[in-house]
Amino acid sequence: MIEFSNYDIIRNLLIATQWTVLLSLAAFVGGISVALCLTAARLTKNPVLTGLIKFYVEVFQGTPLLMQMFLCFFGLSLVGLNISAWNAAVLSLTLFTSAFLVEIWRGCIDTLPKGQWEASRCLGLSFLQTLRYVVLPQAFKVALAPSIGFSVQVVKGTALASVIGFVELTKAGTMLNNATFEPFKVFAFVALIYFALCYPLSLTSKILEKKFNVSR
Amino acid sequence: MSLVNIHEVHKYYGDLHVLKGINLNIKAGEVISIIGRSGSGKSTLLRCMNGLEKYQKGGITVDGKEVTTEEIQVRILARSVGMIFQSFNLFPHLTVGENIMLAPTIVLKKSKQEAQETAKAMLEKVGLADKFDSFPEKLSGGQQQRVAIARALAMNPKVLLCDEITSALDPELVGDVLKVLEQLAKEGMTLVLVTHEMNFARDVGDRVVFMHQGKVWEEGPAKEVFANPQTDELKNFVNSVL
Amino acid sequence: MLDFAALLPYSHVFIHGLITTVEISLLATVLGLVLGATFAVARQYGATWLSRIVNVYVELIRNTPFIVQLFFIFFGLPSIGLKLSAWEAGIIAMVVNLAAYSTEIIRAGLASTPKGQWEAGKVLGLSFKQTLFRVVIIPAIEKIYPALTSQCIIVMLGSAVLSQISVQDLTYAANFVQSRNFRSFESYLVTALLYLFLAILMRKAFNLIGKRLFSYRAER
């Protein structure tokens, strides 16, 4: 059996952490893109579209992320699409992220007083102009803190990719545990690395939220 | 022997000297109005009288008991000093009746039935007998404030402190609340009011205390103080509010 | 082709898993909320050192994945002599997780209590404890009730991970069935719908409890 020093454990975990970071970034960027499209669709106030988005949000917020990942991984391969663990993880995390972001942003846009839309209309601004110059700049400020706050959930969500066999931080942890039989130490290290990734995001979100609340 | 005895009270907020040596004696049954501009220290003085605010020098006694901000002391004091706030501070999740009965049952350990009788009598007194089972948010501001008065009265206090209790009310609702106060004054309740209602202070009050820059600037019988102010500050103040 | 009929022979497996998921979620919700409320009071009104300790706990839990917490408790704790069954480890992990989130949520509710409510309690002679329990707590919880509801649902859905330490919950059932009949998509789809049903049911239950708890708003 190979001996693993603390250094070896941490080194291996950090190598795997790169994949956690990459997966988080891919999911967050993907999630933002999809959520932007959905938000745009929602703003048209088309009852069919808004209804569909509501359903979409309900489904992805009402089922376990793990189950969504299983469905992407096993389900799509059944349909004939051979999908890698990485692709399944990115796809399911993207959908999951977009469902939460679109809901968070809905709250942010809805908190803007109705008077803003009405005033813009009286000034002769079109719908898109109102969106571009009045609504979005304000909504962006409000949405920033909770969006960054949600990115913490995305990073933590990537841990579930370990279950479908993608080797990221958590999977590396279970593998190292099997090799070293030191679960206490290994999972404590794993937890600390996640903490080091997530806490700065949490803190940023908190600071931004305070800053925004003061300026309001 | 006076009911409330305030002797050389000083209060600081950090470096800010808010009360600069206040002396005031209040006899049982007296109705005292404390007037003055905002920032003159009148609300602070009132809040020192029942331990909501700490003072650094001097002494206050109510009914012979020293006033401090220690929780135990404040709780004992609460049995003889009632207070009514500008923002009513009714408990939103309790009915009007429950609001009034809460302290008598858990502080005075009265039976539920006894507390209920008292509550009903007090509501009668403030003219809201039919609101026993309503929740506060269903009432108008004036009604809420009268419930707050009933709640304070249910503890059978010796003195009632009123902190600008009509300031948050729509003008047309002020009268109902003042009428209740007037009735209480007639019944001999000791009232200390921080108020902007000058007519009430003049017509119902026994004594007026004019505070300015953290000091009792001028005091005397209500009618005299208004008719014949001695200092320029009070003259200016009276002219600006009447 | 999809073949949902292939699941029918395994319906008892799903039902057994569903019951386990409901059981652990119910237990974890109750315990987690009670613990969270206690910690929230300690965090908001406790001595500085106590408040700090609670804060460290809350931040540690909120910034690490649930699955890692679960592995740490199930695999890690026995190595320092604390032997736990999968079921026990699962419950503990869920309670510890929900308690951390609800601490932060309930604390925010407590912090939003108007100063006047405390003062009114004080001048009526109520003690700190009496004011907290009789006056402050219900309106405070009302303010954050939607957030609390969502969090409890998130923790219930998170329990799917318990299958990874072989707790025989709904997800475990899905894995078991698809390993027998190789109908993974159907198996997971039905399971996902069952979770969705549980989530909707849970929201309904919370709303109902809320209506009773905050009945003073209902007549508006």
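For a residue to count as touching a neighbouring chain, one of its non-hydrogen atoms must lie under 4.5 Å from one of that chain's; by this rule B:Phe85 touches chain C with the side chain only. Interface residue B:Met155: only side-chain heavy atoms are found under 4.5 Å from chain C.
Side-chain contact between C:Leu126 and B:Val107 is present, with at least one heavy-atom pair separated by less than 4.5 Å. C:Gln117 places a side-chain heavy atom less than 4.5 Å from the side chain of B:Pro92. Counting only heavy atoms from C-beta outward, the side chains of C:Arg134 and B:Glu98 never approach each other to under 4.5 Å. Counting heavy atoms from C-beta on, the side chains of C:Val123 and B:Val81 never come closer than 4.5 Å. With contacts defined as side-chain heavy-atom distances shorter than 4.5 Å, the pair C:Thr131/B:Phe91 does not qualify.
Taking CD from B:Glu71 and OG from C:Ser127, the interatomic distance works out to 6.0 Å, rounded to the nearest 0.5 Å.
With hydrogens and angles disregarded, a donor-acceptor distance shorter than 3.5 Å links the side chain of B:Asn89 to the backbone of C:Gly116. At distances below 3.5 Å, not a single donor-acceptor pair connects side-chain atoms of B:His93 with backbone N or O atoms of C:Ser215.
Residue C:Phe133 places its CZ atom among 12 or fewer non-hydrogen atoms of other residues, nucleotides or ligands, all under 6.0 Å distant. Other residues, nucleotides and ligands contribute more than 12 heavy atoms inside 6.0 Å of the CD atom of B:Glu172. More than 12 heavy atoms of other residues, nucleotides or ligands shown are found within 6.0 angstrom of CD on B:Gln73. Within a 6.0 Å sphere centred on NZ of B:Lys110, heavy atoms belonging to other residues, nucleotides or ligands number more than 12. Around CZ of C:Phe197, the count of heavy atoms belonging to other residues, nucleotides or ligands within 6.0 Å does not exceed 12. Within 6.0 Å of NE2 in B:His17 there are more than 12 heavy atoms belonging to other residues, nucleotides or ligands.
Using a cut-off of 4.0 Å between Lys/Arg side-chain N and Asp/Glu carboxylate O, B:Arg47 and C:Glu119 are scored as salt-bridged.
Of the residues considered (B:Ile106, B:Val74, B:Leu90, B:Leu102), B:Ile106 shows the highest number of contacts with chain C, using heavy-atom pairs under 4.5 Å.
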